[in-house]
Chemist: 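One structure, as structure tokens, below. Some questions next.
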Amino acid sequence: MPAIVSGIITLLLFQLCGEVISRMFSLPLPGPVLAMVAMVIGMALSERLLALIRPVASFLLQNLSLLFVPVGVGAVARLSDLSAHALAIGVSLIGSTLLAICVGALTFEHVARLTGNVDEEEEA
Amino acid sequence: MTDPLLIWSYLESGPLLWLTATLVAYWIGDRIFRLSRGKPWFNPVLLSVIVLGTLLLATGTPYETYFEGAQFVHFMLGPATVSLALPLHANLRRVRKAALPMALALLAGSLTAVVSALGLAWLLGADFGLLASLAPKSATAPVAIGISEKLGGDPAMTAVLVLMTGMIGAIAVTPMLNALGLRDWRGRGFATGVAAHGVGTARALQVNPTAGAFAGIGMGMNAVLTGLLAPLVLQLFR
């Protein structure tokens with residue numbers, strides 16, 4: 001069996017288990033995120049799992065932007081709602097997103113600096 | 001020769017046409033993005049959405065018909081989220097080391113996103129339904145949709161707001177954080193994932209592998225935290 005197929009099967013099985021567990025215990029974490037955590041643990045334990053997943057996962061991540069296009073086109077179906085509240089939505093989305101990124105990045109950098117937590121693996 | 005209208009009605013009834021159109025639109029968007037040498041304004045998601053949206057409006061095609069074809073692309077979001085384990089695994093040691101700055105940046109970024117989004121929209125006269133749709137917009141789409149439903153929002157509207165949030169973040173993040181003089185790729189990526197979920201993470205992966213890995217973690221962590229914070233903050237605006 002081609003390696004790529006076993007990679008896809010493994011990804012889907014992890015996601016399937018994630019969905020079932022998330023629903024079974026009504027967790028706030030969605031199935032795929034749960035499966036991502038399980039996959040990180042699995043990869044740390046098994047070199048084979050890592051090698052199995054790597055080609056498919058790299059392919060998907062290289063084209064991650066594409067996967068958001070269908071939902072994005074949904075804006076067309078909501079044009080009237082969006083334009084009715086254009087000002088509130090526009091200001092709120094732009095303002096809050098920019099503010100949240102700045103606050104998050106500044107907090108990270110200041111806390112890292114205060115605690116002497118430098119990233120020695122990254123050559124600046 | 002068959003009447004072109006018959007061919008059109010055949011194409012319209014199956015997923016082939018709009019699946020192909022989605023991929024072609026993305027290919028065009030990605031081409032333009034590359035030709036611009038990665039300028040954030042030429043975001044490939046935004047470009048493809050504009051191309052496809054114009055096409056749907058011009059042909060009078062309802063979104064439901066479009067989505068029948070596009071759902072195959074949409075479906076891959078789940079496996080792609082699981083795939084984020086790959087950069088995470090590669091950076092596990094650095095992630096563990098940065099636990100404290102990550103925890104505080106998560107709290108600050110997530111709280112800022114929810115409070116400022118609701119505050120600004122409320123000031124500009126948004127009704128409660130819109131606020132409920134808006135509250136989870138920084139979380140990744142499947143999570144945000146679930147939260148919006150629970151809060152009494154409009155899930156389809158939330159999906160659109162989530163995407164717009166991601167695109168705004170992806171376009172603004174690089175010039176904005178450069179202007180602030182922030183150089184730590186861990187913090188830059190992490191904050192982007194927290195505020196702008198998967199679309200921001202896709203952008204971070206384009207800019208720097210470290211930023212991409214930390215963005216994936218930020219997205220995952222904020223998916224959980226938004227589920228807890230959004231209902232609490234929304235209470236203040238009832």
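By convention in this document, chain letters (A, B, ...) are assigned in the order of the sequence lines, proteins followed by strands, and residues within each chain are numbered from 1. Here the structure is a predicted model, which is why all the values come from computation and not from measurement.
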Chemist: Side chain from CB out, backbone as N, CA, C, O: work out which of these in A:V40 comes under 4.5 Å of a heavy atom of chain B, or both, or neither.
Modeler: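 Its backbone and side chain both get close to chain B.
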Chemist: With only heavy atoms counted, which part of B:Q206 is less than 4.5 Å from chain A, the side chain, the backbone, both or neither?
Modeler: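 Contact with chain A is through the side chain of B:Q206 alone.
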Chemist: Given heavy-atom pairs under 4.5 angstrom as the criterion, report whether the side chain, backbone, both or neither of B:A98 touches chain A.
Modeler: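 Contact with chain A is through both the backbone and side chain of B:A98.
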Chemist: Between chain A and each of B:G187, B:G109, B:G53, B:G198, count heavy-atom pairs under 4.5 Å; write down the option with the most.
Modeler: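 Going by pairs under 4.5 Å, I would pick B:G187.
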Chemist: To the nearest 0.5 angstrom, please state how far the OG1 atom of B:T201 sits from the CG atom of A:L61.
Modeler: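 Between B:T201 OG1 and A:L61 CG, I get 10.0 Å after rounding to 0.5 Å.
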Chemist: Can you give me the closest heavy-atom contact between A:A105 and B:R188, atom names plus distance?
Modeler: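 The pair with the smallest heavy-atom distance is CB-CA, 4.5 Å.
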Chemist: Please report the closest heavy-atom contact between B:V49 and A:G72, naming both atoms and the distance.
Modeler: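 In terms of heavy atoms, the two residues are closest at CG1-O, 3.6 Å.
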Chemist: Locate the shortest heavy-atom distance separating A:N117 from B:R186; write the atom from each residue and the value.
Modeler: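 Shortest heavy-atom contact: O-NH2, 2.8 Å.
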Chemist: Could you tell me which of A:V33, A:L66, A:L64 has the largest number of non-hydrogen atom pairs under 4.5 Å with chain B?
Modeler: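 Heavy-atom pairs under 4.5 Å are most numerous for A:L66.
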Chemist: Working to the nearest 0.5 angstrom, can you tell me the gap between A:N63 CG and B:D30 CG?
Modeler: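 Rounded to the nearest 0.5 Å, the CG-CG separation comes out at 7.5 Å.
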Chemist: Measure the spacing between CG of A:L99 and OG of B:S116 and express it to the nearest 0.5 Å.
Modeler: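 OG of B:S116 is found 5.0 Å from CG of A:L99.
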Chemist: Which of residues 107-116 of chain A get closer than 4.5 angstrom to chain B, counting heavy atoms alone?
Modeler: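 Heavy-atom contacts from residues 107-116 of chain A to chain B are A:T107, A:F108, A:E109, A:V111, A:A112, A:T115.
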Chemist: Which atoms form the tightest heavy-atom contact between A:A77 and B:Y63, and what is the distance?
Modeler: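 Closest heavy-atom pair between A:A77 and B:Y63: CB-CB, 3.6 Å.
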Chemist: Can you say whether B:L92 sits under 4.5 Å from chain A via the side chain, the backbone, both, or neither, judging by heavy atoms?
Modeler: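 When you check distances to chain A, only side chain atoms of B:L92 fall under 4.5 Å.
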Chemist: Out of A:I41, A:D81, A:V69, which one racks up the most heavy-atom pairs below 4.5 Å with chain B?
Modeler: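 Going by pairs under 4.5 Å, I would pick A:V69.
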Chemist: Mind jotting down which residue pairs meet the ring-ring contact (aromatic ring centres under 6.0 Å, His included) criterion with at least one end in residues 24-81 of chain A? Sequence neighbours excluded, please.
Modeler: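 Counting only pairs at least two positions apart or across chains, no ring-ring contact (aromatic ring centres under 6.0 Å, His included) contact touches residues 24-81 of chain A.
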Chemist: Nearest 0.5 Å, please: how far is CD1 in A:I94 from CD1 in B:I168?
Modeler: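 Rounded to the nearest 0.5 Å, the CD1-CD1 separation comes out at 5.0 Å.
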Chemist: Nearest 0.5 Å, please: how far is OG1 in B:T165 from CG in A:L93?
Modeler: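 The OG1 atom of B:T165 is 4.5 Å from CG of A:L93, to the nearest 0.5 Å.
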Chemist: Name the member of A:L87, A:L12, A:T97 that forms the most heavy-atom pairs with chain B at distances under 4.5 Å.
Modeler: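 Among A:L87, A:L12, A:T97, the one with the most close pairs to chain B is A:T97.
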Chemist: Which one of A:A35, A:A38, A:G104 has the most heavy-atom pairs closer than 4.5 Å to chain B?
Modeler: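 Looking at each of A:A35, A:A38, A:G104 in turn, A:G104 comes out on top.
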Chemist: If I measure from the heavy atoms of chain B, does A:L79 come under 4.5 Å with its side chain, its backbone, both, or neither?
Modeler: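 Side chain of A:L79 only, per the 4.5 Å heavy-atom cut-off to chain B.
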Chemist: Counting only non-hydrogen atoms closer than 4.5 Å, does B:V194 touch chain A with its backbone (N, CA, C, O), its side chain (CB onward), both, or neither?
Modeler: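 Looking at B:V194, nothing touches chain A.
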Chemist: Just one of B:L86, B:L84, B:I217 clears the side-chain contact (heavy atoms from CB on, under 4.5 Å) bar with A:M36, so which one?
Modeler: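 Filter result, single survivor: B:L84.
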Chemist: Highest number of heavy-atom pairs under 4.5 Å with chain B: which of A:E19, A:Q15, A:M39?
Modeler: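 When all of A:E19, A:Q15, A:M39 are compared, A:Q15 has the most.
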Chemist: Looking at B:A195 and A:I101, what are the two nearest heavy atoms and their distance?
Modeler: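 Closest pair (atom of B:A195, atom of A:I101, distance): CB-CG1, 3.5 Å.
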Chemist: Taking all non-hydrogen atoms of both residues into account, name the closest pair between A:V103 and B:A108 and its distance.
Modeler: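 In terms of heavy atoms, the two residues are closest at CG1-CB, 3.7 Å.
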Chemist: Looking only at heavy atoms, which of residues 118-127 of chain B get nearer than 4.5 Å to chain A?
Modeler: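 If one takes a 4.5 Å heavy-atom cut-off, the residues of residues 118-127 of chain B near chain A are B:L120, B:A121, B:L124, B:A126, B:D127.
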Chemist: Tell me, out of B:L163, B:L100, B:L56, B:V114, who's got the most heavy-atom pairs with chain A below 4.5 Å.
Modeler: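 Answer, by heavy-atom pair count under 4.5 Å with chain A: B:L163.
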Chemist: Quick one: do A:I89 and B:M157 satisfy side chain to side chain contact (heavy atoms under 4.5 Å, CB included)? Show the steps, please.
Modeler: CA-CA 11 Å; A:I89 291 174; B:M157 184 68 164; 3.6 Å; yes
Chemist: In terms of heavy-atom proximity below 4.5 Å to chain A, should B:D154 be classed as side chain, backbone, both, or neither?
Modeler: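 Side chain of B:D154 only, per the 4.5 Å heavy-atom cut-off to chain A.
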Chemist: To the closest 0.5 Å, what do you measure between OG (B:S83) and CD (A:Q62)?
Modeler: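 Spacing of OG (B:S83) from CD (A:Q62) equals 11.0 Å.
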Chemist: Check each atom of B:L182 against the heavy atoms of chain A and say whether the ones under 4.5 Å are side chain, backbone, both or neither.
Modeler: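 Both backbone and side chain.
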Chemist: Highest number of heavy-atom pairs under 4.5 Å with chain A: which of B:L130, B:I147, B:T140?
Modeler: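 Sorted descending by pairs with chain A, the first entry is B:L130.
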Chemist: Top residue by heavy-atom pair count (under 4.5 Å) with chain A, among B:L180, B:V224, B:V199?
Modeler: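 Between B:L180, B:V224, B:V199, the count favours B:V199.
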Chemist: Side chain, backbone, both or neither: which part of B:L161 has an atom under 4.5 Å from a heavy atom of chain A?
Modeler: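 For B:L161, heavy atoms of backbone and side chain both lie under 4.5 Å from chain A.
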Chemist: Mind ranking B:G220, B:A70, B:A117 by heavy-atom pairs under 4.5 Å with chain A and telling me who comes out on top?
Modeler: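 Option with the greatest count: B:A117.
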Chemist: Could you check whether any side-chain heavy atom of B:M164 comes within less than 4.5 Å of a side-chain heavy atom of A:L82, counting everything from C-beta outward?
Modeler: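 Result yes, sub-4.5 Å side-chain heavy-atom pair found.
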Chemist: Non-hydrogen atoms of chain A under 4.5 Å away: do they reach the side chain of B:M176, the backbone, both or neither?
Modeler: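 Contact with chain A involves the side chain of B:M176 alone.
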Chemist: The test is side chain to side chain donor-acceptor pair (under 3.5 Å); show your working for B:K137 and A:S92 and say whether it passes.
Modeler: CA-CA 11 Å; B:K137 56 96 192 168; A:S92 158; over 6 Å; no
Chemist: Between B:A113, B:P44, B:G227, which shows the greatest number of heavy-atom pairs under 4.5 Å with chain A?
Modeler: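 The answer is B:A113.
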Chemist: Within residues 46-57 of chain A, which residues come under 4.5 Å of chain B, heavy atom to heavy atom?
Modeler: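 So far as heavy atoms go, A:L50, A:R54, A:A57 are the residues that approach chain B to under 4.5 Å.
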Chemist: Pick one of side chain, backbone, both or neither for B:L177, based on which atoms fall under 4.5 Å of a heavy atom in chain A.
Modeler: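 Contact with chain A: side chain only.
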Chemist: Which of the residues A:P70, A:A75, A:A100 is involved in the greatest number of heavy-atom pairs with chain B at under 4.5 angstrom?
Modeler: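 Heavy-atom pairs under 4.5 Å are most numerous for A:P70.
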